[in-house]
Novice: 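Before we start, here is the structure in question, set down as structure tokens.
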Amino acid sequence: MRISSFNINKFCGPYGQPRGGYRNPKNIDFKSRIKEIVDSLLVDEDDIVFLQEFIDNRYINVSQLFEKSKYQIFINTCNKKCHSYVVAVVLKESKWEKVDCEAGIEYPNKFVKVKHTDKDLRILGIHNTKNDIKKMINKSFELKEADIVLGDFNDEAWIRELSRNSDYNGLVTDEMITYKPGQTAVDQIFVKRTIDSDLINFDSVIETFASDHNIISFELGPSEKVSKYSRSRKSNIPFSLHDSRIQKIEESGDTIIFRVDNLFQYMDDHEMILHGAIEFTKADIEECSIMIFNSPFGFEGVNTFSGEKLSFGEYKGKYPEAEFEIVTETYNGYDTVYQGWIWSGDLDPMFGIMTIWNTGDMIYKIKKESDL
């Protein structure tokens with residue numbers, strides 16, 4: 001089951017809309033591209049796509065774009081003049097159905113609730129533009145009405161506040177960009193913590209040039225594309241990160257995620273190159289750091305050295321495009337230490353030591369492999 005959210009900017013591509021109107025000055029056909037995107041996300045009958053800033057007019061003609069013989073569109077009716085809607089799009093044979101909203105509620109066009117008739121699953125799709133909408137969503141969080149809440153929250157500070165809720169886990173991290181003009185992460189997916197995290201396969205945002213927002217999407221359910229291996233603290237596992245480059249560091253709650261270019265598995269004197277990510281669960285983020293040394297091997301003299309110690313957040317802010325090449329890896333109790341080279345643009349490589357402290361698991365999430 002793939003669940004996705006996409007603010008389509010009223011089918012106007014990257015253009016803004018004065019006073020909330022439709023604006024496509026060059027009359028570019030963004031609607032066909034958005035239709036293609038939706039089709040790519042709706043493959044199985046359980047897949048569902050939530051769209052924010054959805055409109056219909058003589059330029060769009062939704063009835064022809066999403067023909068009723070193939071699709072269902074769930075939308076709340078609005079008695080007042082509404083500039084845009086939140087809708088959920090599914091295939092015709094889907095088992096999803098709309099949950100009617102309460103009578104007299106303000107701004108019903110800014111959210112849609114759905115439930116799956118065969119699965120005990122409820123989703124709330126939202127687009128925050130008013131304080132009344134915030135109040136409604138805050139209440140939904142308090143009552144734990146939905147298993148998944150997703151959409152355009154339009155407020156990073158509010159997202160951080162909601163992220164402190166002990167009942168939900170946010171999938172989109174601060175360094176991901178969902179709203180391109182602001183270079184911010186205002187779109188988010190909150191999943192109730194009662195849902196097994198092993199069933200959630202979320203990689204990153206999906207870049208698109210069909211809107212000013214990117215797509216956020218994840219698979220819910222067992223994945224045949226991802227294999228998971230946990231390193232035991234009492235025995236070795238046949239994986240090595242030597243020569244691997246950490247290309248991106250992400251944080252999701254108390255989980256640290258490393259996106260690596262390669263990692264290696266050794267079996268029967270045979271080496272395989274693997275691709276995927278490394279996760280450290282139940283990590284103490286404040287105890288994780290990177291030391292960067294000024295001289296190539298960390299020493300200026302016989303017994304002296306200089307440099308700086310950075311948190312992961314400080315490291316990503318100062319070296320946003322850097323890659324950490326692991327030369328040696330050490331695992332001891334709850335401590336993981338990597339030593340290696342930090343490559344950043346055209347700069348000479350810097351020697352670094354990375355320390356991770358976590359009481360949970362170290363998980364190798366393998367996407368695909370190829371023999372050397």
Side-chain angles (χ1 to χ4, degrees), residues 2-24 27-42 47-68 70-92 94 96-101 105-114 123-130 133 136-137 146 148-154 178-181 186-189 205-206 208-217:
R2 176 166 288 280
I3 301 170
S4 309
S5 176
F6 184 25
N7 185 321
I8 61 173
N9 194 28
K10 301 178 182 175
F11 296 97
C12 292
Y15 299 115
Q17 309 94 33
R19 298 186 181 89
Y22 179 83
R23 181 173 182 263
N24 185 352
N27 199 29
I28 299 173
D29 182 15
F30 292 111
K31 68 177 185 180
S32 296
R33 176 62 186 135
I34 289 171
K35 169 67 162 34
E36 291 172 0
I37 291 171
V38 171
D39 283 340
S40 71
L41 297 171
L42 294 179
D47 296 342
I48 185 168
V49 181
F50 292 83
L51 303 177
Q52 299 87 41
E53 296 198 52
F54 184 91
I55 63 170
D56 191 13
N57 56 34
R58 61 191 178 92
Y59 304 103
I60 307 301
N61 198 340
V62 168
S63 62
Q64 289 188 8
L65 193 64
F66 295 100
E67 59 271 20
K68 291 183 178 180
K70 184 178 179 180
Y71 305 94
Q72 296 183 72
I73 297 180
F74 302 133
I75 183 172
N76 290 327
T77 57
C78 185
N79 294 327
K80 63 184 74 175
K81 184 178 181 180
C82 298
H83 294 299
S84 67
Y85 290 82
V86 175
V87 303
V89 185
V90 297
L91 296 175
K92 185 70 175 178
S94 170
W96 291 100
E97 63 180 28
K98 186 170 80 75
V99 177
D100 292 333
C101 62
I105 197 165
E106 286 287 331
Y107 308 106
N109 58 308
K110 291 300 182 179
F111 69 93
V112 64
K113 298 178 181 179
V114 299
I123 305 178
L124 170 62
I126 65 103
H127 181 202
N128 169 46
T129 57
K130 303 284 185 180
I133 300 170
M136 184 268 294
I137 296 166
I148 298 167
V149 183
L150 80 173
D152 182 355
F153 287 74
N154 206 22
T178 67
Y179 178 56
K180 290 178 282 189
V186 296
D187 303 84
Q188 179 60 278
I189 300 169
V205 300
I206 302 172
T208 171
F209 298 99
S211 173
D212 54 357
H213 285 250
N214 288 325
I215 303 164
I216 50 177
S217 180

Novice: Decide side-chain contact (heavy atoms from CB on, under 4.5 Å) for Lys110 and His127; before the verdict, give the C-alpha distance in whole Å, the side-chain angles of both, and the deciding distance to 0.1 Å.
Specialist: CA-CA 5 Å; Lys110 291 300 182 179; His127 181 202; 3.5 Å; yes
Novice: CZ of Phe11 to CG of Leu65: how many Å apart, nearest 0.5 Å?
Specialist: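 Between Phe11 CZ and Leu65 CG, I get 5.5 Å after rounding to 0.5 Å.
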Novice: With sequence neighbours excluded, tell me which residues meet side-chain hydrogen bond (donor to acceptor under 3.5 Å, both in side chains) with Thr129.
Specialist: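 Not a single residue meets the side-chain hydrogen bond (donor to acceptor under 3.5 Å, both in side chains) criterion with Thr129.
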Novice: What are the two closest non-hydrogen atoms of Ile126 and Val86, and how far apart are they?
Specialist: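 Scanning both residues completely, I find the closest heavy atoms to be C-CG2, 4.0 Å.
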Novice: Of all residues at least two apart in sequence or in a different chain, which pass the side chain to side chain contact (heavy atoms under 4.5 Å, CB included) check with Ile75?
Specialist: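 Scan of Ile75 (side chain to side chain contact (heavy atoms under 4.5 Å, CB included), adjacent residues dropped) gives Tyr85, Val87.
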Novice: Any idea which heavy atoms bring Val114 and Ala88 closest together, and the distance?
Specialist: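 For Val114 and Ala88, the tightest heavy-atom pair comes out as CG1-CB, 4.1 Å.
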Novice: Is there a side-chain contact between Lys10 and Glu53 (heavy atoms, below 4.5 Å)?
Specialist: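 In contact.
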Novice: Can you confirm whether Leu41 sits close enough to Phe6 that some side-chain heavy atom of one is under 4.5 Å from a side-chain heavy atom of the other?
Specialist: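 Sidechains of Phe6 and Leu41: no contact.
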Novice: Has Glu67 got more than 12 heavy atoms of other residues, nucleotides or ligands less than 6.0 Å from its CD?
Specialist: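 Yes.
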Novice: For the CD1 atom of Ile206 and the OG atom of Ser4, what is their distance to the nearest 0.5 Å?
Specialist: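 That separation rounds to 6.0 Å.
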Novice: Could you tell me the separation between the CD1 atom of Ile3 and the CD1 atom of Ile148, rounded to the nearest 0.5 Å?
Specialist: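 The CD1 atom of Ile148 is 3.5 Å from CD1 of Ile3, to the nearest 0.5 Å.
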Novice: Please examine the side chains of Asn7 and Tyr179, heavy atoms only from C-beta on, and report whether any two atoms are closer than 4.5 Å.
Specialist: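 No, side chains not in contact.
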Novice: Identify the two heavy atoms, one from Ser211 and one from Lys180, that lie closest to each other, and give their separation to 0.1 Å.
Specialist: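 Taking Ser211 first and Lys180 second, the nearest heavy atoms are O-NZ, 3.0 Å.
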Novice: Taking all atoms of both residues into account, what is the closest heavy-atom pair of Phe209 and Phe30, and its distance?
Specialist: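 Nearest pair, atom of Phe209 first, then Phe30: O-CE2, 4.0 Å.
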Novice: With sequence neighbours excluded, what pairs up with Lys130 under the side chain to side chain contact (heavy atoms under 4.5 Å, CB included) test?
Specialist: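 Checked Lys130 against side chain to side chain contact (heavy atoms under 4.5 Å, CB included); matches are Tyr107, Ile133.
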Novice: Phe153: which residues meet the ring pair (Phe, Tyr, Trp, His ring centres under 6.0 Å) condition with it, sequence neighbours left out?
Specialist: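 Phe153 satisfies ring pair (Phe, Tyr, Trp, His ring centres under 6.0 Å) with Trp158, Phe190 once adjacent residues are dropped.
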Novice: Among all residues two or more places apart in sequence or in another chain, which pass the side chain to side chain contact (heavy atoms under 4.5 Å, CB included) test with Asp47?
Specialist: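 Counting only residues at least two positions away or on another chain, Asp47 forms a side chain to side chain contact (heavy atoms under 4.5 Å, CB included) with Arg2, Leu42, Val43, Asp44.
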Novice: Rounded to the nearest 0.5 Å, what separation is found between the CD atom of Gln64 and the CG atom of Asp56?
Specialist: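 Atom-to-atom, Gln64:CD and Asp56:CG are 10.0 Å apart.
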Novice: Looking only at heavy atoms, what is the nearest atom pair of Pro108 and Ile105, with distance?
Specialist: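 Minimum heavy-atom contact is CD-O, 3.6 Å.
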Novice: Look at the side chain of Asn154 and the backbone N and O of Asn128, then say whether any donor-acceptor pair between them is shorter than 3.5 Å.
Specialist: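 Yes: the side chain of Asn154 pairs with the backbone of Asn128.
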Novice: To check you understand the geometry: which heavy-atom pair defines the closest contact between Asp212 and Pro181, and what is its length?
Specialist: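 So the minimum-distance heavy-atom pair works out to O-CD, 3.4 Å.
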Novice: Among all residues two or more places apart in sequence or in another chain, which pass the side-chain hydrogen bond (donor to acceptor under 3.5 Å, both in side chains) test with Asp187?
Specialist: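 Scan of Asp187 (side-chain hydrogen bond (donor to acceptor under 3.5 Å, both in side chains), adjacent residues dropped) gives Thr178, His213.
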Novice: If the condition is side chain to side chain contact (heavy atoms under 4.5 Å, CB included), which residues does Glu97 pass it with, not counting sequence neighbours?
Specialist: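 Applying side chain to side chain contact (heavy atoms under 4.5 Å, CB included) to Glu97 gives Lys115, Thr117.
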Novice: Quick one: salt bridge (Lys or Arg N to Asp or Glu O under 4.0 Å) partners of Lys98, sequence neighbours excluded?
Specialist: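 Listed in chain order: Asp100.
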Novice: Begin with the C-alpha distance, continue with both residues' side-chain angles, and end with the deciding distance and a verdict on side-chain contact (heavy atoms from CB on, under 4.5 Å) for Met136 and Glu106.
Specialist: CA-CA 9 Å; Met136 184 268 294; Glu106 286 287 331; over 6 Å; no
Novice: Going by the rule side-chain hydrogen bond (donor to acceptor under 3.5 Å, both in side chains), which residues pair with Asp39 if we only count those two or more places apart in sequence or in a different chain?
Specialist: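 If we apply the side-chain hydrogen bond (donor to acceptor under 3.5 Å, both in side chains) test to Asp39, skipping adjacent residues, the hits are Lys35, Tyr71.
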Novice: Which residues pass the side-chain hydrogen bond (donor to acceptor under 3.5 Å, both in side chains) test with Ser40, sequence neighbours left out?
Specialist: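 Counting only residues at least two positions away or on another chain, Ser40 forms no side-chain hydrogen bond (donor to acceptor under 3.5 Å, both in side chains).
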Novice: Ignoring hydrogens and geometry beyond distance, is a side-chain donor-acceptor pair present between Gln52 and Ser5 at under 3.5 Å?
Specialist: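 Result is yes, a qualifying pair exists.
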Novice: Rounded to the nearest 0.5 Å, what's the gap from NZ on Lys113 to CD1 on Ile123? Could you check?
Specialist: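 The NZ atom of Lys113 sits 13.5 Å away from the CD1 atom of Ile123.
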Novice: Let me confirm one number: the CG-CG distance from Leu51 to Asp152, rounded to the nearest 0.5 Å.
Specialist: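 Here the rounded value is 12.0 Å.
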